[in-house]
Every structure is written in structure tokens, then in C-alpha cells.
Amino acid sequence: MHRDGHGLQPGRIADVVLVEAENVQDALLRGPRRDVVVAGGRVVVDGGELLL
């Protein structure tokens, strides 16, 4: 995405979505369930359940 300040380092904000897929194409075509979503450094979805 070519954004300034990106990278995985302690103290940085992280927005991450974990999906079970063979590769990127598989994830895009199949659209698997998002079991874990991290936004703003906090887990907001765990086990497919919204925690907010």
C-alpha cells in the first residue's frame, strides 16, 4: 500500500485480518470467514464473534 510509517514494530498501530486460505488468490475468491481481526492494535473479532 506504500504508506509512510508502516511495518511491524512494538508500539505501532496494527490492523490485521487473519484468514485460512491457500494463498492470496484463494482468500480473495473464497472469502473465508474472518476468525480474528485486529484493528488499532486491539482484537475486535475473535472466533468469528465481534467483541466491541
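Residues: numbered from 1 along the sequence shown. Below, each value reflects all heavy atoms present in this structure, side chains not excepted, and no hydrogens, waters or symmetry copies.
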Asks: For a quick test of reading the model, state the closest non-hydrogen atom pair linking R30 to E20 and the distance between them.
Replies: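 In terms of heavy atoms, the two residues are closest at NH2-O, 2.9 Å.
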Asks: Please report the shortest heavy-atom distance between L50 and V45, naming the atom on each side.
Replies: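 For L50 and V45, the tightest heavy-atom pair comes out as CD1-CG2, 3.9 Å.
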Asks: If you compare all heavy atoms of V43 against all heavy atoms of D46, which two are closest, and at what distance to 0.1 Å?
Replies: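 Nearest pair, atom of V43 first, then D46: CG1-CB, 4.1 Å.
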Asks: Knowing that exactly one of L51, L52, V38 qualifies, which makes a side chain to side chain contact (heavy atoms under 4.5 Å, CB included) with V44?
Replies: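 The residue from L51, L52, V38 that satisfies side chain to side chain contact (heavy atoms under 4.5 Å, CB included) with V44 turns out to be L52.
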